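Contents: one structure, followed by commentary.
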Amino acid sequence: MSDAYDFREVEERWQRRWADEGTYQVDLDDPRPKYYVLCMYPYPSGPAHQGHVRNYTFGDVLVRYRTMKGDAVLTPFGFDSFGLPAENAAIKGGEHPRVYTEKRIAELKRSVQRLGAVYDWRRELRSHDADYIKWNQVIFEELLRAGLAYRAKAPVNWCPGCQTVLANEQVLSDGTCERSGDVVERRYLEQWFLRITKYADELLESLDALDWPERVKTMQRNWIGRSEGAQFRMPLVGHEHLEVEVFTTRPDTGFGMTYAVLAPEHPLADVVTTPEQREDVERILEHARHSTDLERLSAEGALEKRGAFTGAHCVNPFSGEPVPVYVAEYVLGSYGTGAIMAVPAEDQRDYDFAKAYGLPIVRTVEPPGDFDGEAWTGDGAHVNSEWMNGLDVDAAKAKAIEWLEREGIGHRTVNYRLRDWLISRQRYWGCPIPVVYCPADGMVPVPAEELPILLPEDVEFRPTGESPLRFHEGFRRATCPTCGGPAVRETDTMDTFVDSSWYFLRFANPHDEYAPVDKAAARRFMPVDRYIGGITHAILHLLYARFYTRALGEVGLSPAELREPFSQLFCQGMIRLGGSAMSKSRGNVVSPDQYFETVGADALRLFHLFIGPAVEDVDWTDQSDDIIEGCSRYLARVWRLAVGEAAGSRPVETDDSSVGSSDLRREVHRTIARVSDDIERYAFNTAVAALMELTNSIYKHRGGGADPVAVEDAIDTLLELLAPFAPHLAAEAYERRTGKHVHIQPWPVADPALLRAERVKMPVQVNGKTRDVVEVDPDVSEEGAVAAALASDRVQGFLGGKEPTRVIARPPKIVNVLV
RNA sequence: GCCCGGAUGGCGGAAUGGUAGACGCGGCGGCCUCAAAAGCCGCUGUCCGCGAGGGCGUGUGGGUUCGACUCCCACUCCGGGCACCA
């Protein structure tokens, strides 16, 4: 009964027991209310780092808490096991990506288990497993059938370092690859796309109702980038049948259009250019071919708006006047119609360009009198606009659109910044795209019964990073499912974000043999109630997953009514060391393993929970080891209290009259309320603080001769409350004391009657400064509070015999006496 | 440039408009011990004061309020996101 706490032995034993007893396994027919807690499944990069520890500890607290609350908690785990690092390792002369990846998975799994985070391992899934590949391919083919997947030639982002194309989302704002840091090039290639733009509006609008961090929702809104405006056509002077169509958000400024601009990739750019201008224009087109949007729009583009006059004119339909048509890099072929009406007076980019090329500037919106800037984009009365004169911007917009529609040259329209998702990757270690190309039948999907198309194992990795699939004849050579003739297999693989876009649905029944998603199981467990992960996935993964959930519903592969996969999202802060995020690639990791050896998993968990608010970033400092030490000390203190030498044998019930026992009981119930509330709010740091306070208090009461029954009850409740945070120690101590398994006990409920103190300390202020504290009944009346305040000698001293001019009483919180 | 966060002791941090600094780290002191470790107990924002006590104090300047870390306005610094999307 008095032995020291042997965390190594205890942690291992309880981990085995939770697994053996299936404490955290739930099934479809579980009668309890469902609750789905999910941490973003990790890329397996080896043993867990502190970021993982933090993530899984938070998730585990919720899993254990909700389980004690009586829910059937779905707590699955898996591995996002396709991806470039494994392939890069192979290229550098390492192992085959499969061997490499599976070793890293084993390492990560081991440290996750040592942490004592509990998962239903029966549900484990890995993206690179044949089963997952098969369903990934089945989904792809359904999307293809439904027109949600398609193949198109497009200007794409090519990363020379990764030897593959990238999604727009994977290119940083400085035009480099988020993974390799290489400058991304523009290439025109046939690629596979998923039609995410079909859902642009819904993805935008349903953000409002989600319980997600506001900044994540803002980032998604920005990314989708909805803008309302108008589209209209302008005849080209001297070209009978040619028109240029433009998109604008400011149709009201039409009279101020003094020129028009075509994107360099606009099909008309070449057509309308006059022989005299050809050389100038060709230079622009040539330059644009070699740069990405980002290059064109950022760095150099800011200095000079590279452009050229085409020699052509179009007619401004508002004024009826011809205006020159330019080609310029600041207009993108991929947004809107790839052509704009330029209004220098009301658009800064147009203004800069007009200045540089000596083009006229005509105001159509009167800026405020004190405006000393260049282009005015705010509201104001219209001028130089004939039938719009005097109207404000909104009214003029409405009138302009009405006019365009009446004239039959244009209409109201909505544009999005969001583009379709480019999913093909010219790499090996990913899910093969299941189609073949037949000289006779063209592109043909592989029949479902032939899936999965697996990656060949016997491949050679080239130092250039080129996909070995392209050189693997056995893989490339295929038979056309339609005509039976020879065909060539697609060698592109899918973006790994495809894998992570539906794994949470698969978890509902990960071994279903009939469909990628078991709809009945998905109806039971989806949506995810608490999704926990890093802010780094704010746009990419979370947007794709929202899209995929809808797309799967549309093609009948998941419940159609399920639109949003993650009801609540929590983004935990990251761990920094030396100013930057702790990561394996930076080589600044502090491994959790050493702490499993020296202080145990519970102490390390407690550190991450206690160190600060869960949403905030944490700096790993010289002090961190001291704090971990402190957490370990705290746990030892609880252990001694619960099962150590000083722990009393269980006393017989007595009446509840001993000194202080009532105070202790009240404190226990206040702690129950605080801890429960704090867990719901992810305020784990204050929850732990509350447990420490209660622990200190129990020590004091026991030393002060409080009723042993109250003390022992308090200790039991303390262990119940501690169970989600330090699950091993709490389980062991609780079992020794009560013979019961704490993790399947009901979560304690605070008694409202005990939440109110018998007497409360009420500060008394004189002129707003606290001068004394008096004890009052919590239900004290205003008169009673004032009387108690004025009865204070100290208060009287400050009054100096004078009558208060005013007394503000907010019983039992405060009394403020004014003189 | 625009949009979000944030700034509190030596340090991490706590505070529905009501005693600022809970809890912990570090530090100081005491008990225990032959001694140390561990543990237990106490003190620890700052200035003045022997003390009782008092002044000052939540990035800066203003405001609202009986009362402001908290609300409002302006600013400084730090962090993050977006940044020619027409």
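First the proteins, then the strands, lettered A, B, ... as listed; each starts at 1. Small disclaimer: the values here were computed from a predicted structure and weren't measured.
Under the 3.5 Å distance criterion, the side-chain polar atoms of A:E346 are matched with a main-chain donor or acceptor of A:T364. Not one N or O on the side chain of A:Y595 forms a donor-acceptor pair closer than 3.5 Å with the backbone of A:D625. Judged by distance alone, with hydrogens and angles left aside, the side-chain atoms of A:R233 form no donor-acceptor pair with the main-chain N or O of A:E245 at under 3.5 Å.
Here the options are A:T248, A:L404, A:T413, A:I401, the test is side-chain contact (heavy atoms from CB on, under 4.5 Å), and the partner is A:Q231; only A:T413 passes.
Counting any heavy atom pair closer than 4.0 Å across all strands shown, A:N685 reaches sugar-phosphate atoms only and no base atom. Contacts of A:T621 with the nucleic acid, taken as non-hydrogen atoms under 4.0 Å apart, are absent. Nucleic acid contact class of A:T249 (heavy atoms, under 4.0 Å, all strands): sugar-phosphate only. A:G225 comes within 4.0 angstrom of no nucleic acid atom, judged by non-hydrogen atoms across all strands.
Listed candidates were B:G12, B:A22, B:U19. Nearest to the side chain of A:I611 is B:G12. Minimum atom distance to the side chain of A:A689 is reached by B:A22, of the listed B:A22, B:G18, B:G12. Distances from the side chain of A:M692 to the nucleotides B:G10, B:C23, B:A86 place B:C23 closest. The side chain of A:E693 approaches B:A22 more closely than any other nucleotide in the set B:A22, B:A86, B:G12. For A:T770, counting side-chain heavy atoms from C-beta on, the closest listed nucleotide (B:A83, B:A20, B:A86) is B:A20.
For the pair A:R637 and A:Y699, the distance from NZ or CZ to the six-membered ring centre is under 6.0 Å and the angle to the ring normal is within 45 degrees. A cation-pi arrangement, defined by a distance under 6.0 Å to the six-membered ring centre and an angle within 45 degrees of its axis, is absent between A:R576 and A:W620. Geometrically, A:R794 does not engage A:F798 in a cation-pi contact defined by less than 6.0 Å to the ring centre and at most 45° from the axis.
Taking atom P in both B:C34 and B:C48, one finds a spacing of 42 Å when rounded to whole Å. Distance noted for atom C1' between B:G9 and B:G57: 10 Å (whole Å). Separating the C1' atom of B:G21 from that of B:A14 is a span of 7 Å, rounded to the nearest Å. Taking atom P on both nucleotides, B:G55 is separated from B:A20 by 12 Å, rounded to a whole Å. B:G18 sits 11 Å from B:U70 when the P atoms are compared, rounded to a whole Å. Using P as the reference atom, B:G10 and B:G45 are 10 Å apart when rounded to the nearest Å. Atom name P, nucleotides B:G5 and B:A86: the rounded distance is 24 Å, in whole Å. Rounded to whole Å, the separation between the C1' atoms of B:G17 and B:U58 comes to 15 Å.
For B:G9, the base is syn relative to its sugar; the glycosidic angle is within 90° of 0.
A:F684 places its CZ atom 17 Å from the P atom of B:G13, with the value rounded to the nearest Å. Rounded to an integer number of Å, the gap from A:M234 CE to B:A86 C1' is 12 Å. Summarising the geometry, the separation between CE on A:M219 and P on B:G5 is reported as 14 Å, rounded to the nearest angstrom. At whole-Å resolution of the value, CZ in A:R250 and P in B:A86 are 12 Å apart.
Contacts between residues 784-797 of chain A and RNA chain B, counted as heavy-atom distances below 4.0 Å, involve A:R794.
Between A:Y351 and A:F353, the closest side-chain pair of non-hydrogen atoms is not below 4.5 Å.
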Original post:
Given Watson-Crick or G-U pairs with both distances under 3.5 Å, what dot-bracket string fits RNA chain B, with | for other-strand pairs and [ ] for crossing?
Top reply: (((((((..(((.....[....)))((((((.......))))))((((....))))..(((((..]....))))))))))))....
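The side chain to side chain donor-acceptor pair (under 3.5 Å) check on A:E228 picks up A:R226, with sequence neighbours excluded.
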**OP:** Treat primed atoms plus P, OP1 and OP2 as sugar-phosphate and everything else as base, then score nucleotides 36-48 of chain B 5' to 3': B for base contact with protein heavy atoms under 4.0 Å, S for sugar-phosphate contact only, - for none.
**Re:** ---SSSS------
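Minimum interatomic distance between A:F610 and A:N685 (heavy atoms only, all atoms of both residues): O-CB, 3.5 Å.
Enclosure of atom CZ in A:R670 by more than 12 non-hydrogen atoms of other residues, nucleotides or ligands within 6.0 angstrom is indicated.
Regarding contacts with the backbone of B:C85, every side-chain N or O of A:S334 stays at 4.0 angstrom or more from both OP1 and OP2.
Salt bridge status for A:K700 with A:E667: absent, with no side-chain N to carboxylate O gap under 4.0 Å. In this structure, A:R681 pairs ionically with A:D678, as a charged nitrogen and a carboxylate oxygen lie closer than 4.0 Å.
Residue order along RNA chain B, read from the 5' end via each residue's closest nucleotide, puts A:V773 first among A:V688 and A:V773. Sequence order on RNA chain B of the closest nucleotides to A:I814 and A:G338 puts A:I814 first from the 5' end.
Classification of the A:Y682-A:F684 ring pair by plane angle, with boundaries at 30° and 60°, yields perpendicular.
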So which protein nitrogen or oxygen atoms get under 3.5 Å of nucleotides 65-67 of chain B's nitrogens or oxygens?
unit_1 : atom_1 : unit_2 : atom_2 : d
B:C66  : O2'    : A:N816 : ND2    : 3.2
B:C66  : O2     : A:N816 : ND2    : 2.7

Just the table, please: protein N/O against nucleotides 55-58 of chain B N/O, every pair under 3.5 Å.
unit_1 : atom_1 : unit_2 : atom_2 : d
B:G55  : OP1    : A:R771 : NH2    : 3.2
B:G55  : OP2    : A:R771 : NH1    : 3.3
B:C56  : OP2    : A:K769 : NZ     : 3.0

